[in-house]
Amino acid sequence: MNIRYFAWVREKVGIEEETLDLPDSVKTVADLIALLKTIDDRHAAAFEEEEAIRVALDQMHVEHDEVLGTATEAAFFPPMTGG
Amino acid sequence: MNIRYFAWVREKVGIEEETLDLPDSVKTVADLIALLKTIDDRHAAAFEEEEAIRVALDQMHVEHDEVLGTATEAAFFPPMTGG
Amino acid sequence: MSTKSPISPTVRVQSEDFDPGLEGQRLTAGRKDVGALVSFTGLCRDESGRLSALELEHYPGMAEAELTRIAEEACRRWPLTGLTVIHRFGKITPGNNIVLVIAASSHRRASFEAADFLMDYLKTRAPFWKKEHLASGQDDGWVKAKNADDEAMKRWT
Amino acid sequence: MSTKSPISPTVRVQSEDFDPGLEGQRLTAGRKDVGALVSFTGLCRDESGRLSALELEHYPGMAEAELTRIAEEACRRWPLTGLTVIHRFGKITPGNNIVLVIAASSHRRASFEAADFLMDYLKTRAPFWKKEHLASGQDDGWVKAKNADDEAMKRWT
């Protein structure tokens, strides 16, 4: 799965995107976040305030309990501040 | 006093403006309307639906019970439909 | 409507057309404190082919004075950085501009509300009257004032 | 957000500036059914000299997709004749344009409400993030999302 980061999440993780092979046990966005936090200290720091982070699957907003299903791209970012 | 008419009030009266010397007994807008209705049939017809007609004294909106005071111009017109 | 208006709105009553883009630029040019510009343009419609034109009669002098009073009231109610109101008179054919209101502010909400307020008040208080010219060539008639416009104005009291 | 949008809104995400006047003309040119055009322009402010610029990051692809979803929802909610949404990205200095929303309709209320709705939804759902560049040269920081924006969006549900 392709993982993308934006704004301060991107800065904390230190990369813009990465590709991960997900184990079958990772079924929801929350499972994916738990996995990402184990990658290294930077990932762990980026997701420290987990509930503050917004998620999109295949470029659609979803909640943390959403099932990943057939999505090929997940994106993590702070609350939006455009406009 | 200078009297001006606009829109269908103007069309019914048949003139755009006229100047009248007002007797001392004419103190309010309502008194003035009563006087105007006596001028001729066209004036009477224009003011037939008296309550539908809006009034300005010296280019400020007023109610029918307003005192004419020192105003030098009165205008009569239908509800406005600009914008 | 007694205290002084914090800024001087631009008010014009004219037969010529106006340029909404240009008027907007005038409210932002050289400034760094304008965060939001809301512009309302009212145009003449043909009402599905029924109308060939609108004729706008106005009360010269009072039209400018009343628009200025409404604009200054908006400037007192909202923290605006600029406000422009332009109303045309004369014969206007479908597809052409009738009225323009632009409200500039640091913040979005003030600009939206001020422009909305201006249009509500203008509709019921600015001395303009519309006469319809019909495409059929039949008798022309004066547009009737809408109760809805009076109701809309009450939102602000 | 399932039924088909009655009209196709114009949505653009770009680094270049836009021309609000020109975009407005595009929604009225050659038409006789547009009675009301409401345009919102959001600009970069310097916040009394505190900021030297804003840097707008966006999620390419999703930014266009989400703005289109919001715009199509507006087209379903209000009887619009046209709708344009343009959002810039990259470095934008004070006095310059960030976002444009223009809603055209036969009637005033629909245009006002659609433009207002678009801005409320866009602020909380379109994937853009602002970073501040400070005039003092001190550390830059990400703009924090406002609770007020979330509250504003709830007006429409």
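Bear in mind the structure is a predicted one, so any value in this text is a computation, not a measurement. In what follows, chains carry the letters A, B, and so on, assigned in the order in which the sequence lines appear, proteins first and then strands, with residues in each chain numbered from 1.
Applying the 6.0 Å contact sphere to CD of A:E11 captures more than 12 heavy atoms from other residues, nucleotides or ligands. Open room surrounds NZ on D:K32; 12 or fewer heavy atoms of other groups in view lie less than 6.0 Å from it. Under a cut-off of 6.0 angstrom, the local environment of CD in D:E16 is crowded, with over 12 non-hydrogen atoms contributed by other residues, nucleotides or ligands.
The CE atom of D:M62 sits 8.5 Å away from atom CE of A:M60, with the distance rounded to the nearest 0.5 Å. Rounding to the nearest 0.5 Å places CD of D:E64 at 8.5 Å from CD of A:Q59. Between A:M80 atom CE and D:R125 atom CZ the span is 7.5 Å, to the nearest 0.5 Å.
With D:K131 contributing its side chain and A:W8 its backbone, the two residues share no donor-acceptor pair below 3.5 Å.
Smallest separation of non-hydrogen atoms from A:T81 and D:V143: CG2-O, 3.4 Å. D:T124 and A:R54 get closest at one heavy-atom pair: O-NH1, 4.5 Å.
Relative orientation of the A:F77 and D:W129 rings is tilted, given thresholds of 30° and 60° on the angle between their planes.
When D:P60, D:A63, D:A65 are compared by the number of non-hydrogen pairs under 4.5 Å with chain A, D:P60 comes out ahead.
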